[in-house]
Protein chains: 2
Amino acid sequence: MSEQPPTDLVTMDKIVSLCRRRGFVFPSSEIYGGLGSTFDYGHYGVLAKNNIRERWLRAMVQERDDIVALDSAIILHPRVWEASGHVEGFTDPLVDCRTCKLRFRADKLDDAQCGRKPSKRPGETPDCDLTEARQFNLMFETTVGAVQEAGSRAFLRPETAQGIFVNFKNVLQLARRKPPFGIAQTGKSFRNEITPGNFLFRVREFEQMEMEFFVPPAEAEEWYRYWVDERLGWYLAHGLRRSRLRIREHDAEERSHYSQGTSDIEYLYPIGWSELEGVANRGDYDLNRHTEFSTTKLEFVGQDGERYTPFVIEPAVSIERILVAMLVDAYDEEVVAERERTVLRLHPQIAPIKAAILPLIGKSEDMVAKARALYEELRQRHFVEYDDGGAIGRRYRRQDEIGTPFAFTIDDQTLEDDTITIRERDSLAQERLPIGEASAYLDDALARPWATPKGD
Amino acid sequence: MSEQPPTDLVTMDKIVSLCRRRGFVFPSSEIYGGLGSTFDYGHYGVLAKNNIRERWLRAMVQERDDIVALDSAIILHPRVWEASGHVEGFTDPLVDCRTCKLRFRADKLDDAQCGRKPSKRPGETPDCDLTEARQFNLMFETTVGAVQEAGSRAFLRPETAQGIFVNFKNVLQLARRKPPFGIAQTGKSFRNEITPGNFLFRVREFEQMEMEFFVPPAEAEEWYRYWVDERLGWYLAHGLRRSRLRIREHDAEERSHYSQGTSDIEYLYPIGWSELEGVANRGDYDLNRHTEFSTTKLEFVGQDGERYTPFVIEPAVSIERILVAMLVDAYDEEVVAERERTVLRLHPQIAPIKAAILPLIGKSEDMVAKARALYEELRQRHFVEYDDGGAIGRRYRRQDEIGTPFAFTIDDQTLEDDTITIRERDSLAQERLPIGEASAYLDDALARPWATPKGD
């Protein structure tokens with residue numbers, strides 16, 4: 001967060017407000033007063049997240065030969081987290097206030113508020129009674145199963161990566177792989193953050209998308225550069241502006257203990273430049289640790305007797321941070337024909353709804369019948385919406401605001417010649433097309449590389 | 001489990017073995033000795049589960065007007081579970097053995113084994129020292145966040161349904177809905193089962209697919225019957241044999257306290273007839289309880305002043321139970337041309353891989369080049385596999401075993417006239433087709449209703 005965002009960037013408040021108003025994201029457990037920094041996703045939020053996940057899996061697995069999918073459990077054997085170093089080292093320093101009972105990050109007291117006098121920092125008021133700083137583990141703990149002993153203590157995974165490392169041997173053997181190859185996983189992870197916040201940016205449960213790419217050690221540096229480029233390219237192909245993305249390489253002091261090199265792909269969020277995705281060269285740290293703790297040798301043995309512990313390159317991101325970046329990047333307000341509109345210029349593959357099917361006059365039975373028939377055809381292939389309620393301009397604006405790239409309007413002329421109007425969200429260009437070609441038009445439009453209307 | 005399965009039914013051991021051998025499902029944390037009844041999904045398992053989820057969401061949301069999607073948090077406000085009745089009543093009776101430290105379901109001692117003498121039941125050996133039965137809550141507990149007090153105790157959700165009920169008002173308002181309408185959700189739930197087992201059938205973390213359908217009370221019975229029929233139809237459309245499915249209606253004593261009617265859609269698993277999916281009429285129990293505990297009125301108010309608390313019809317299932325039913329139903333062994341083959345006759349939409357692209361001779365550069373080009377075309381649209389290793393018969397059998405419905409073979413004739421052989425998994429019929437038509441052939445085959453080769 002080293003630089004201030006430009007003044008034309010949308011504020012986080014506007015994004016939060018749109019998300020709530022249009023049913024993308026709600027504060028969780030709202031009728032019970034909410035649960036800090038926890039969110040539930042409404043219809044459009046679910047569809048957008050599904051699209052992000054599907055596009056990631058497509059790029060990582062479907063369109064490649066060298067990466068397979070995995071879905072490991074959330075509650076793994078507790079020894080996994082000893083081996084990974086999380087039991088010992090996945091901690092933040094915190095202090096408790098004996099007076100107000102709140103907890104604070106000891107290294108972030110300057111950003112915190114006293115529980116009794118929010119205008120003051122903890123420690124600044126006479127009755128603050130802060131403990132010494134101690135290490136607080138960020139893993140959620142729970143107790144599993146049928147045995148009473150201490151051995152039944154378990155953790156919710158704080159990252160999906162370890163589930164991949166402990167399955168390395170299974171994939172090597174059963175999927176008949178040899179390095180370089182990767183294992184990709186999406187799924188919930190949990191971190192008991194002391195100071196969550198900034199909307200979806202730092203939350204306690206989040207959906208990770210991680211891929212561990214196993215390579216011969218001598219090729220690690222090359223593959224590390226490859227994956228930084230590849231992931232940056234993915235964001236550009238999905239519509240994020242180049243000017244709001246940058247690569248920031250960690251210096252040696254900043255890197256995690258296991259890392260031989262880490263680059264953040266940063267996005268210019270409303271809170272400033274911040275990590276969108278991290279790409280790390282984890283070396284052979286993880287496989288060596290699990291070899292040591294499990295006494296199962298995790299290495300590659302070639303048919304010619306070649307034998308080594310692969311290095312691991314890891315691109316890791318959460319769907320939540322991608323969603324926020326895409327919403328921020330897409331958000332626009334403009335005046336068209338003297339009317340304001342809010343429009344989400346989302347990449348068509350990310351947009352929750354691909355097309356709206358609208359009878360110009362909602363009370364015309366003939367228009368409704370044709371619109372319903374088209375809707376029922378298109379929904380076999382895509383998430384589309386039918387809407388016959390209210391003035392057409394208002395219906396267009398509702399679709400603009402959720403980022404629907406196309407609207408198909410059935411009007412008087414449709415009843416004469418079976419053509420419809422296609423309205424394009426960004427350019428507002430309108431063209432006519434035979435109704436029978438609408439489905440192929442939509443398929444083609446979604447398959448094409450997207451020409452962003454947002455500039456660089 | 002009132003009847004024994006027929007002798008031609010595959011055993012669970014064969015399914016477990018196939019799943020492990022072909023990388024559908026592994027025991028979790030295997031290098032650490034495993035974690036009882038927890039599983040990790042390999043490549044084909046992930047793809048099959050994704051297909052099941054996608055088909056469910058398609059039937060529930062994409063192809064309907066009246067149901068929207070939701071994705072609520074796993075860790076909700078703890079009051080949610082007081083209101084739902086789970087804190088008080090989501091329990092099993094258990095006894096501890098002070099000698100062997102194991103826990104047992106008090107109502108299932110007959111099926112349990114003594115920790116010291118597995119041939120005996122608990123209580124049957126002299127040194128067994130069983131406690132009185134007490135109620136054990138099946139919710140996993142954890143501690144959240146920044147406050148030290150007891151209020152930070154929280155639970156991993158044991159069902160996704162409550163996350164839907166607490167968002168009822170949001171959806172009513174923001175998605176502009178009126179009953180009858182539904183909210184659908186998929187996601188992980190967690191139950192600290194005392195006696196998990198039977199492979200994926202009873203596991204501690206599982207992925208639910210639940211839909212809560214809100215209706216005027218007078219229409220509840222009718223909608224309840226509708227959803228039983230609808231869900232049964234979904235299984236038939238996805239290839240399960242009618243003879244292995246049955247509807248079993250709970251009698252009043254068996255029903256949950258909130259239920260005004262429950263039907264199980266049962267499948268004939270290797271362990272006998274058991275619940276695949278439950279469809280329940282939950283009445284107005286849940287919305288009333290959350291109204292009471294949250295003091296937010298959860299009701300429908302119409303524009304004409306009409307006002308009522310909707311009844312809820314709930315079809316609820318886990319992806320794991322569907323996956324096992326589909327694997328069991330699909331599993332077949334047969335002798336073809338004097339050779340045995342194992343084949344998964346999965347519905348093409350459920351099969352993890354849609355087509356295999358195989359150069360007949362893996363060392364023929366020309367065949368490889370044409371096969372790779374076709375593969376790279378098809379993977380834009382589907383999960384497909386390229387394989388040039390080993391004898392063609394062996395490659396066919398590997399694909400049969402993972403349920404790939406089509407194999408496209410590039411052979412000598414392809415080099416002459418650009419036609420390929422299409423081999424169909426179930427009938428083993430082969431036909432030739434121009435290579436340029438393979439993509440459309442596959443699209444069409446996947447879009448068609450499937451004519452099951454399995455009989456009724």
Side-chain angles (χ1 to χ4, degrees), chain A residues 22-23 26 28-32 35-36 38-43 45-47 49 62-63 65 68-77 79-80 96 101-103 140-149 156 163 166-167 169-171 174-175 188 192 194 204-205 290 294 296 379-380 383 386, chain B residues 22-23 26 28-32 35-36 38-43 45-47 49 62-63 65 68-77 79-80 96 101-103 140-149 156 163 166-167 169-171 174-175 188 192 194 204-205 290 294 296 379-380 383 386:
Chain A
R22 286 301 178 202
F26 313 120
S28 183
S29 304
E30 214 175 0
I31 64 173
Y32 290 102
L35 190 65
T38 307
F39 297 90
D40 295 345
Y41 294 82
H43 187 63
V46 172
L47 300 187
K49 285 202 303 173
Q62 182 178 335
E63 296 189 353
D65 288 335
V68 296
L70 182 83
D71 179 22
S72 65
I74 286 172
I75 300 178
L76 295 170
H77 195 291
R79 288 279 281 171
V80 171
D96 292 312
K101 308 292 184 193
L102 289 183
R103 269 181 187 164
F140 283 100
E141 234 182 276
T142 190
T143 307
V144 172
V147 178
Q148 296 176 66
E149 308 294 274
L156 307 190
V166 299
N167 278 296
K169 207 178 164 186
N170 281 332
V171 175
L174 299 171
K188 278 273 174 102
N192 200 359
I194 307 303
R204 294 203 177 96
E205 59 179 273
H290 286 295
S294 72
T296 298
R379 75 181 182 186
Q380 303 292 320
F383 276 94
Y386 169 85
Chain B
R22 286 301 178 204
F26 314 119
S28 183
S29 305
E30 215 174 0
I31 63 172
Y32 290 103
L35 190 65
T38 307
F39 296 90
D40 295 344
Y41 295 81
H43 186 63
V46 173
L47 299 187
K49 285 203 301 174
Q62 183 179 335
E63 296 188 354
D65 288 335
V68 296
L70 183 82
D71 180 22
S72 66
I74 286 173
I75 299 177
L76 296 170
H77 196 290
R79 288 279 282 171
V80 171
D96 292 313
K101 308 291 184 195
L102 289 183
R103 269 180 189 166
F140 282 100
E141 234 181 276
T142 191
T143 307
V144 172
V147 178
Q148 295 177 68
E149 309 293 275
L156 307 190
V166 299
N167 278 296
K169 208 176 162 188
N170 280 333
V171 175
L174 299 172
K188 279 274 175 99
N192 200 358
I194 309 302
R204 293 203 177 95
E205 60 179 271
H290 286 296
S294 72
T296 298
R379 74 181 182 186
Q380 304 291 321
F383 276 95
Y386 169 86

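A, B, ... follow the sequence lines: proteins, then strands. Residue 1 opens every chain.
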Between [X] and chain A, which part of the residue has a heavy atom less than 4.5 Å away: side chain, backbone, both or neither?
X        : result
B/Glu205 : side chain
B/Lys49  : side chain
B/Phe39  : backbone
B/Thr296 : side chain

**Request:** Could you give me the CA-CA distance, side-chain angles and deciding distance for A/Ile75 and B/Arg204, then say whether side-chain contact (heavy atoms from CB on, under 4.5 Å) is met?
**Result:** CA-CA 9 Å; A/Ile75 300 178; B/Arg204 293 203 177 95; over 6 Å; no
**Prompt:** How many angstroms lie between atom OG of A/Ser294 and atom CD of B/Glu30, to the nearest 0.5 angstrom?
**Reply:**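 Going from the OG atom of A/Ser294 to the CD atom of B/Glu30 covers 11.0 Å.
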**Request:** Give, for atom CG of B/Leu174 and atom NE2 of A/His43, the distance between the pair rounded to the nearest 0.5 Å.
**Result:**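 Taking CG in B/Leu174 and NE2 in A/His43, the distance rounds to 13.0 Å.
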[options]: which one forms the most heavy-atom pairs within less than 4.5 Å of chain A?
options                             : answer
B/Val68, B/Leu35, B/Val46, B/Asp71  : B/Asp71
B/Ile31, B/Val80, B/Thr38, B/Asn167 : B/Ile31
B/Val171, B/Ile74, B/Val166         : B/Ile74

**Request:** Determine yes or no for a side-chain-to-main-chain donor-acceptor pair under 3.5 angstrom, with A/Asn192 supplying the side chain and B/Val144 the backbone.
**Result:**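 No.
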**Prompt:** Is the side chain of A/Glu63 donor-acceptor paired with the backbone N or O of B/Arg379 at a distance under 3.5 Å, no angle test?
**Reply:**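 Here the side-chain-to-backbone pair does not exist.
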**Asked** Can you name the nearest heavy-atom pair linking A/Ser72 to B/Asp40, along with the distance?
**Response**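 Taking every non-hydrogen atom into account, CA-OD1, 3.3 Å.
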**Request:** Could you pull out the closest heavy-atom pair between B/Glu141 and A/Thr142, with the gap in Å?
**Result:**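 That closest heavy-atom pairing would be O-OG1, 2.6 Å.
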**Prompt:** Side chain, backbone, both or neither: which part of A/Lys188 has an atom under 4.5 Å from a heavy atom of chain B?
**Reply:**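 Only the side chain of A/Lys188 comes within 4.5 Å of chain B.
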**Request:** Measure A/Gln62 against the heavy atoms of chain B and call it side chain, backbone, both or neither at under 4.5 Å.
**Result:**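 Answer is both: backbone and side chain atoms of A/Gln62 are under 4.5 Å from chain B.
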**Request:** Select, from A/Gln380, A/Arg79, A/Lys169, the one with the greatest count of heavy-atom pairs under 4.5 Å involving chain B.
**Result:**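 Looking at each option in turn, the highest pair count goes to A/Gln380.
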**Asked** Are A/Leu70 and B/Phe26 close enough, and set up right, to give a side-chain contact (heavy atoms from CB on, under 4.5 Å), and what steps lead you there?
**Response** CA-CA 10 Å; A/Leu70 182 83; B/Phe26 314 119; 4.2 Å; yes
**Request:** For residues A/Leu156 and B/Leu156, determine if any side-chain heavy atom of one lies less than 4.5 Å from a side-chain heavy atom of the other.
**Result:**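 A/Leu156 reaches B/Leu156 side chain to side chain.
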